[in-house]
Amino acid sequence: MALYEEQNLRIYNSLSGKKESFTPVHEGHVGMYVCGPTVYSKVHLGNCRTFMSFDMVYRYFLHLGYKVRYVRNITDAGHLEDDADEGEDKISKKARLEKIEPMEVVQRYTTDFHNILRKFNFLPPSIEPTATGHIVEQIEIIKAILEKGYAYEKNGSVYFDVQKFDSDFEYGKLSGRRLEDMIANTRELTAQDEKNNPQDFALWKRAEPRHIMRWPSPWGEGFPGWHLECTVMSTKYLGETFDIHGGGMDLKFPHHECEIAQAEARYGQSPVRYWMHANMLTLNGRKMSKSTGNNLLPEEIFEGNNPILSKAYSPSVVRFFMMQAHYTSILDLSDDALLAAEKGYIRLMDALALLDSIPISEKSDVDLNAWKQRCYDALNDDFNTPILIAQLFEAVKWIHLAREGRQNLSADDKTNLESSLNAFVFDILGIQKPIAGTEASGKVDGLVQLLIDMRNKARADKDYATADQIRDTLAELGIQLKDGKEGTSYQL
RNA sequence: GGCAUCGUGGCCGAGUGGCUAGGCACAGCUCUGCAAAAGCUUGUACAGCGGUUCGAAUCCGCUCGAUGCCUCCA
């Protein structure tokens, strides 16, 4: 019996606003699509948080025994800078600024994206399709939407007719907006607009002569609109009905709303069963954003070179920090918060390392299966990783107590505890062990060990002046001695 | 202006009608020659004001404050 049959997973569906019991379209299989990055600059931490949340979701599905097809796209066709301007897209703009080919921009930042995600220990998605690789499919869906009468052509561009759509379906149901309200609150657009209505959005845009990225189409040379690629690629790889569509909260409107409209216009129904939205990561209480400059690059955290940070933090510390908050909550990043997370992370890792050495008893004082189920309950409750982590610290306490002989753990329970902890910490949360002290070379290790021996001899001789001198001088060099029951160890 | 979300102990962050997580910091204790490290123990908080209820951080209303979306963004 697969694990997913024993666990009742509930997911908060953004569309219904409720937690719903998860039942996949096809028994034993999960289809999941997540909106990926637009690769025109380095990925920032906010993106990482969203993808990390879905990485954890993906990992949990796998752990439960589902066969998962996880599709996360790369947007390499750019999006329009502004609906009202000449229709220049981000990627070609960047390419012109940097005097390189658009695909060179795409290549550079796709590589950067993958490098960062690898450091964070992300599992690669099953398919990572690109927008430019699906131009033909996008043109096909535009044709179909035109045939159904939910779009119109104007001067080589094609626009989605939101009002017509809204009369047959319901535009705005995901983001809780009503079309009438949106019409009433439309801002004045300064540039002339060839759209029939301001709410309409582009499915295809005519390319101006200076536009570099362009493809031929029945409406002339141009490029696809902002929202089309996700509709096309999700249904192409996951089918006309699939389980999960995820993305950042800021994509709810208009991006996901438009995706629903396109799909309903084309297929008569939305393909998505469960909409999941990951919340924002803020910095100094403000949203991180490429455009406002209030952002922090992952590599700046790993290297500690940003004024808001007092030190460098490893990818696993950042991951632990993020997993301590629920994915639907706004999380504020600060140096203090990272510092606290780092200590918690070390405590957890230290306890895991101690697990091997704890003594075994005849019987257990703890109900390990009940604990294990509490861990699953946390994850089953819309992937509540903070609660899971709280449970993990419960286990940390047991490990310490057992080690001191204040609590009993049977051999079976010890094995069970170890495998459970490995599953929850490493497989599902995706946290990694700290890198073993490779920075201390054999020479340094030998030197420090020698000093430790000399100090211990001084202590045995009650020559505390010498002992303390060794300890304090090492401390000044950043080497901390730790006196334990089993002798002295050190940390750089 | 419109539409949302949120406001929890010193900090971060779960909980969403009664059983009131967890991490960090602080304090006490154990250990130690003294420290540090490590471990143990301790914290009754939910923006304000009303209301519903036997009972509210949790539901409803108002007020104040913060943030997000409404334009490309995870």
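Convention: sequence-line order gives letters A, B, ...; per-chain numbering from 1.
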Check: Do the rings of A/Tyr58 and A/Tyr70 sit parallel, tilted or perpendicular, given the 30° and 60° boundaries?
Finding: tilted
Note to self: Can you tell me how the ring of A/His227 sits relative to the ring of A/His255, calling it parallel under 30°, perpendicular over 60° and tilted otherwise?
What the structure shows: tilted
Next item on the list: May I ask you to say what A/Lys462 touches in the nucleic acid, namely base, sugar-phosphate or nothing, with a heavy-atom cut-off under 4.0 Å?
Entry: nothing
Note to self: What's A/Asp332 touching, base or sugar-phosphate or nothing? Going by heavy atoms closer than 4.0 Å.
What the structure shows: sugar-phosphate
Check: Think A/Arg347 has a side-chain N or O under 4.0 angstrom from the OP1 or OP2 of B/rC24?
Finding: yes
Next item on the list: Verify the contact: side-chain N or O of A/Asn384 to OP1 or OP2 of B/rG15, cut-off strictly under 4.0 Å; return yes or no.
Entry: yes
Next item on the list: Select base, sugar-phosphate, or nothing to describe what A/Arg49 touches, counting heavy atoms under 4.0 Å on all strands.
Entry: nothing
Checklist line | Most 5' of A/Tyr345 and A/Arg177 on RNA chain B, judged by nearest nucleotide | finding: A/Tyr345
Check: Which is true for A/Phe393 with a 4.0 Å heavy-atom rule: it touches a base, it touches only sugar-phosphate, or it touches nothing?
Finding: sugar-phosphate
Next item on the list: State, to 0.1 Å, how close A/Asn121 and A/Asp55 come at their nearest heavy-atom pair, and which atoms those are.
Entry: O-OD2, 3.9 Å
Margin query: In whole Å, measure the gap between the C1' atoms of B/rC46 and B/rU16 for me.
Written below: 12 Å
Item checked: Note, A/Tyr33 side chain near A/Met233 side chain (heavy atom, < 4.5 Å) -> yes
Note to self: Please find the pair of heavy atoms, one from A/Asp166 and one from A/Tyr171, that lie closest to each other, and give the distance.
What the structure shows: OD1-N, 2.8 Å
Next item on the list: Would you indicate what A/Glu394 reaches in the nucleic acid, counting non-hydrogen atoms under 4.0 angstrom: base, sugar-phosphate, or nothing?
Entry: nothing
Notebook entry, point to check: Which part of the nucleic acid, if any, lies within contact of A/Lys252, taking any heavy atom under 4.0 Å across all strands shown: a base, the sugar-phosphate backbone alone, or nothing?
Noted result: nothing
Check: With a non-hydrogen cut-off below 4.0 angstrom, is A/Glu404 in contact with a base, only sugar-phosphate, or nothing?
Finding: sugar-phosphate
Check: Within less than 4.0 Å of OP1 or OP2 of B/rA25, is there a side-chain N or O belonging to A/Lys343?
Finding: yes
Margin query: Any base atoms under 4.0 Å from A/Ser329, or only sugar-phosphate, or nothing? Heavy atoms, all strands.
Written below: sugar-phosphate
Notebook entry, point to check: Looking only at atom C1', what distance separates B/rG15 and B/rC69, rounded to whole Å?
Noted result: 27 Å
Next item on the list: Assign A/Gly46 to base, sugar-phosphate, or nothing according to its heavy-atom contacts below 4.0 angstrom with the strands shown.
Entry: base
Note to self: For a quick check of understanding: with a heavy-atom distance under 4.0 Å over all strands, which category does A/Ala325 fall into, base, sugar-phosphate or nothing?
What the structure shows: sugar-phosphate
Note to self: So, does A/His400 get its side chain near the phosphate of B/rG39, meaning an N or O under 4.0 Å from OP1 or OP2?
What the structure shows: yes
Check: NA contact type, A/Asp483, heavy-atom cut-off 4.0 Å: base, sugar-phosphate, or nothing?
Finding: base
